[in-house]
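The block underneath contains the structure these notes are about, expressed in structure tokens.
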There are 2 protein chains.
Amino acid sequence: MAGSSGLGRRAAPSPHSARDNAPLYEHIELLFFAYRDFVGDADRLLEDYGFGRAHHRVLHFVNRHPGLTIAALLDILKITKQSLNRVLKELVAKNFVEARAGAVDRRHRQLFATEAGERLASELARVQTRRFAAAFESLGASAKEESARFLLAMIDAPERERVTRLIASGRGRSK
Amino acid sequence: MAGSSGLGRRAAPSPHSARDNAPLYEHIELLFFAYRDFVGDADRLLEDYGFGRAHHRVLHFVNRHPGLTIAALLDILKITKQSLNRVLKELVAKNFVEARAGAVDRRHRQLFATEAGERLASELARVQTRRFAAAFESLGASAKEESARFLLAMIDAPERERVTRLIASGRGRSK
DNA sequence: CGTAATATGTCAACAATGCTGACCTAAATG
DNA sequence: CATTTAGGTCAGCATTGTTGACATATTACG
């Protein structure tokens, strides 16, 4: 039973061996299941609107960064403009997102969540927040900051700075 | 450092935890980016074999649970048998997975990773483990157990027990 | 034994969301 | 004015999920 780390216990502080190559199956699988349930929350909501996960991501970041341009959004999502456009068109058609010509450079489109868009984005954030909040409540006060540090450390090192800035620059909270 | 108010687990609910509605945008976005990079590791490897994420999941769980039946795998992955069969057929055709008739009930198929399958599964687990290991190294000794508790707490409550058992029953470690 | 239930396989079609490549317009820039 | 930049669009394709219907083999049961 080498390498067991135990799910619910306080492990003794093991002096971690210099070259421990044991696959962290536990963590790999926990992240898989956790993410699946995490996005599942939103999926159920989105169904009522005829939207998918791609719509969610676009709406989320537009709501968080009013005035975002297409190029900036593409850079966040790392998808092609064709993939983005497909879902963005639907969000605009259904009046959840509005695209205005850029104030300074009219070639740009600046994206904004409409009132309906804000409402849906908030609702989506709310169900996902609930999952985090429930976890933190069961884990203790430090879990909130610890988990943020953990998740950041799981992001590609060269991206961390960018992500940190992106998150910090987002619009604070809904209502 | 800010906001930590107690080292013990199971801390008493902090002042506004009961009705704190502020969306946890930071965590939501960190999890999104972290998961994207996490699966990205495997995606790059899989490309060389002409496999996708669906193949990865099947190969992973078959390797972890030799002798797994189709029904059990469907229950883990929560996809339809048609979706599973599409990728499973390819894994068998390319000789990464083997399906034998069940020993006791010949209606069952028991799935096993071939030697090539084990090799690929190990390689995939290795790159994903590396990401976790690097994170834990930067975060300190307790992060490994803390993150496992956090991830488990993010899973649907009624599923946690099942997942815990599933993980515990998996084949230990590769060489 | 014979029928029913079970475990699996398969065909066809469709939906969501990625991708590439090509080509178009509008606006800014030099 | 020519070029570059930002974006839109069309066509087609790949992956991976879905339903629904039907086929086959094997086991279980009355």
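Convention: sequence-line order gives letters A, B, ...; per-chain numbering from 1. All figures in this text were calculated on a predicted structure; none of them were measured in a lab.
We find that CG of A/Leu88 is positioned 13 Å from P of C/dG18, with the value rounded to whole Å. Atom pair B/Asp75:CG and C/dT6:P shows a separation of 16 Å (rounding to whole Å applied). Rounding to whole angstrom units, CG of residue A/Leu46 and C1' of C/dA15 are separated by 15 Å. The interatomic distance linking A/Arg100 (CZ) with D/dG7 (C1') rounds to 18 Å, in whole Å. One atom, CG of A/Asn85, and another, P of C/dT17, lie 14 Å apart when rounded to the nearest Å. If you measure from atom CG of B/Leu77 to atom P of D/dT18, you get 10 Å, rounded to the nearest angstrom. The distance between atom CD of B/Glu90 and atom P of C/dG9, rounded to the nearest whole Å, is 14 Å. Atom CG of A/Asp105 is separated from atom P of C/dG30 by 12 Å (rounded to the nearest Å).
At the heavy-atom level, B/His56 lies nowhere under 4.0 Å from the strands shown. Residue contacts shown for A/Arg86 include a base, since a base heavy atom lies under 4.0 Å away.
A/Phe33 does not carry B/Lys78 over the face of its six-membered ring by the limits of under 6.0 Å from the centre and within 45° of the normal. Judged by the 6.0 Å distance and 45° axis criteria, A/Arg57 is not positioned over the aromatic ring of B/Phe32.
For D/dT18, one of the phosphate oxygens OP1 or OP2 lies less than 4.0 angstrom from a side-chain nitrogen or oxygen of B/Ser83. Contact between the side-chain N/O atoms of A/Thr80 and the OP1/OP2 oxygens of C/dG18 is not found at any separation under 4.0 Å. Between A/His108 and C/dA26 there is no side-chain polar atom (N or O) within less than 4.0 angstrom of OP1 or OP2. Phosphate contact (OP1/OP2 of C/dG9, side-chain N/O of B/Arg109, threshold under 4.0 Å): present.
Residue-to-nucleotide contacts include no donor-acceptor pair under 3.5 Å from the side chain of A/Lys89 to the base of D/dG8. A donor-acceptor contact under 3.5 Å is not formed by the side chain of A/Gln82 with the base of D/dG7.
Ring-centre distance between B/Phe38 and A/Tyr35: not below the 6.0 Å cut-off. Between A/Phe136 and B/His27, the ring centre distance stays below 6.0 Å.
Using a cutoff of 4.0 Å between basic side-chain nitrogens and carboxylate oxygens, A/Asp43 and A/Arg36 are not scored as salt-bridged.
Mapping A/Leu84 and A/Val104 onto DNA chain C via the closest heavy atom, the residue that lands nearer the 5' end is A/Leu84.
Distance from the side chain of A/Ile70 is smallest to D/dG8 among D/dG8, C/dG18, C/dG9. Side chain of B/Arg107, nearest nucleotide from D/dT9, D/dT18, D/dA25: D/dA25.
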